[in-house]
Amino acid sequence: MAKHAVLSSGAKMWRSLPCTKAELRLDLTLACGQSFRWRETAEGHWTGVMGGRIWTLTQTEDSLWYHIYKNKESSLEDGSDRMRRTGVSVQIESKPENRIKGAPKKDDEEPLAVTSVQDTEEEKEMLRDYFQLNVKLQDLYREWGDTDPHFRHIAHIFTGVRMLRQDPTECLFSFICTSNNHISRIQGMVERLCQALGAQLCQLDQTSYYNFPSLSALADNNEACLRDLGFGYRARFLQQSAKQILDTHGIHWLDGLRSVPYLQARDALRTLPGVGTKVADCVCLMSLDKAEAVPIDTHVWQIAKRDYNYASGNAQKSITDKIHRDIGDFFRKLWGPYAGWAQSVLFCADLKKFQKLKETPHQKHSHKEETGESEMRAACKKSKRKTEESKTVKISMSACHKKAKVFF
DNA sequence: GGACGACCTGC
DNA sequence: CAGGTCGTC
């Protein structure tokens, strides 16, 4: 049976992009409640579905590594279709002689990948797009920190928290599930939603992976079925919103909201059942390119009051529309056009599961942390730096060891 | 504009 | 109660 990929095992093919941990922290970004579909399948390895493919991601200090699994049936067909269209010839990227000498060939190793150069470039572009790597997060952190001492304090530890650019449909219907709910339960619900209504892609170890359901799958499903799966009153919202989109706007409507102004997109979303101000702001920020959208929930309201001495609206019992507007404007004035990105950093830093990161005083990983392994990683990094970008690397930690010995 | 209760379920 | 929304007053 196919297994989850691990970078150090050398059993799967990995590629990489240059990307520092200051620009991206997978552990924070993928588990802070933006997307609910990534799981840590091995230490520092995150597996999830994105763009119709299953990915395992991991990172070293300067690189983002990724492995893509072959889907059950579709991929070969897709590939040949594409080649017929573009006339690009096939090339074998991972030749036997590229295998590290002495590395044992695993039984479960995949057949050598048959991939066109265009596929590879397309996959890299999907990653860059999903993580919005064109946005220089370090520069933004510096700007936010310059005008906001509290942000500077938090940002020192919570580096690399970056906004994902999610699929609008997945984002919308995931966030319809978030009302009156908490992350762990939301994760389970979204998973069951994909299991029940999404197309199966393939199975790794004991886990099956599915695409997020299409609008029509969501619309055609009846409420009772979803209620049985534990969605509660949200079952009706999911079905009705999907139906409303298809009936009154059409299948491309959501994607089209990427190119309309923030407030217009937000109002459009709010016409859907189960979508209020908070969910609409989440969808705007996380899938519709509205970096200025600042989703205000009870949690963010607490942050505003506690850390920013935010007083107006203190009399109110719950978050009113006016408080939404006022706090949103407050943060937009403080942080500027990427206010939503900054908010996600503070939100992440406030999550219970990340509190332990605050405990250890943040030593710049200098002496103590430099164990033998990280030295070898550094050596490994040096050795491949020149050829890293867009080069297929099939390498294992044992290879790093070898190179380390050469270097030192 | 703001307050209130209901809405599903599970920890 | 929990990372809300809706209908009603």
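Here is the naming used below: chain letters follow the sequence lines, and residue numbers restart at 1 for every chain. Side-chain atoms are counted along with the backbone in the values below, which use heavy atoms only and exclude waters and symmetry mates.
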Scan [X] against the nucleic acid and name what it touches under 4.0 Å (heavy atoms): base, sugar-phosphate only, or nothing.
X: R227(A); value: sugar-phosphate
X: G33(A); value: base
X: I186(A); value: nothing
X: C32(A); value: base
X: V300(A); value: nothing
X: S184(A); value: nothing
X: P295(A); value: nothing

Backbone N/O of A31(A) and side chain of K353(A): donor-acceptor pair under 3.5 Å: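 Yes, because the side chain of K353(A) sits within donor-acceptor range (under 3.5 Å) of the backbone of A31(A).
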Just checking Y338(A) against Y141(A), ring centres under 6.0 Å apart?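 Not under 6.0 Å, so no.
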Between F331(A) and Y308(A), is the ring centre distance below 6.0 Å?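 For F331(A) and Y308(A), the ring centres are under 6.0 Å apart.
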Output the single nucleotide from [options] whose closest atom is nearest the side chain of [X].
X: D297(A); options: dG4(C), dG1(B), dC4(B); answer: dG4(C)
X: Y233(A); options: dA3(B), dC7(B), dG3(C); answer: dC7(B)
X: R325(A); options: dA2(C), dG1(B), dC8(B); answer: dG1(B)
X: K317(A); options: dC4(B), dG2(B), dG3(C); answer: dC4(B)
X: N180(A); options: dA3(B), dG3(C), dC7(B); answer: dC7(B)
X: K322(A); options: dC4(B), dG1(B), dC6(C); answer: dG1(B)

Pairwise 5' ranking along DNA chain C for L272(A) and F347(A), keeping only the more 5' one: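 Here F347(A) is the residue nearer the 5' end.
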I want to check one thing: is the phosphate of dC11(B), taken as OP1 and OP2, less than 4.0 Å away from some side-chain N or O of R185(A)?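 No, no such contact exists.
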Strictly below 4.0 Å: does T298(A) bring a side-chain N or O up to OP1 or OP2 of dG4(C)?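 Result: yes.
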Using the P atom as the reference point in each nucleotide, state the distance between dC4(B) and dC1(C) in Å, no decimals.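 To the nearest whole Å, 16 Å.
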Pick the P atom in dT8(C) and in dC8(B), then give their distance to the nearest Å.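 Going atom to atom, P in each nucleotide, I get 16 Å.
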Just the rounded figure in Å: distance from [atom2] of [N] to [atom1] of [X].
X: R236(A); N: dC6(C); atom1: CZ; atom2: P; value: 10 Å
X: F237(A); N: dG7(C); atom1: CZ; atom2: C1'; value: 11 Å
X: W301(A); N: dG4(C); atom1: CH2; atom2: C1'; value: 14 Å
X: M189(A); N: dT9(B); atom1: CE; atom2: P; value: 10 Å
X: Q302(A); N: dC1(C); atom1: CD; atom2: P; value: 14 Å
X: D350(A); N: dG3(C); atom1: CG; atom2: P; value: 11 Å
X: D321(A); N: dG7(C); atom1: CG; atom2: P; value: 14 Å
X: I319(A); N: dC4(B); atom1: CD1; atom2: P; value: 16 Å

Would you say the side-chain atoms of T41(A) and T47(A) include a donor-acceptor pair closer than 3.5 Å?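 There is such a pair (donor and acceptor under 3.5 Å, judged by atom type) between the side chains of T41(A) and T47(A).
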For a quick check under 3.5 Å, do K358(A) and Q355(A) share a side-chain donor-acceptor pair by atom type?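 Yes, a side-chain donor-acceptor pair sits under 3.5 Å.
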With a 4.0 Å cut-off on N to O distance, would you call K278(A) and D281(A) a salt bridge?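 Salt bridge absent between K278(A) and D281(A).
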Establish, yes or no, whether the cationic atom of K305(A) lies under 6.0 Å from the six-membered ring centre of W301(A) and within 45° of the ring axis.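 K305(A) over W301(A) ring: yes.
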Find which nucleotide of DNA chain B each of I323(A) and R234(A) is nearest to by heavy atoms, and output the residue with the more 5' nucleotide.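 Looking at DNA chain B, the more 5' nearest nucleotide goes with I323(A).
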Complement of dA6(B), any strand, by Watson-Crick or G-U distances under 3.5 angstrom: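 Answer to the pairing question: dT5(C), which forms a Watson-Crick or G-U pair with dA6(B).
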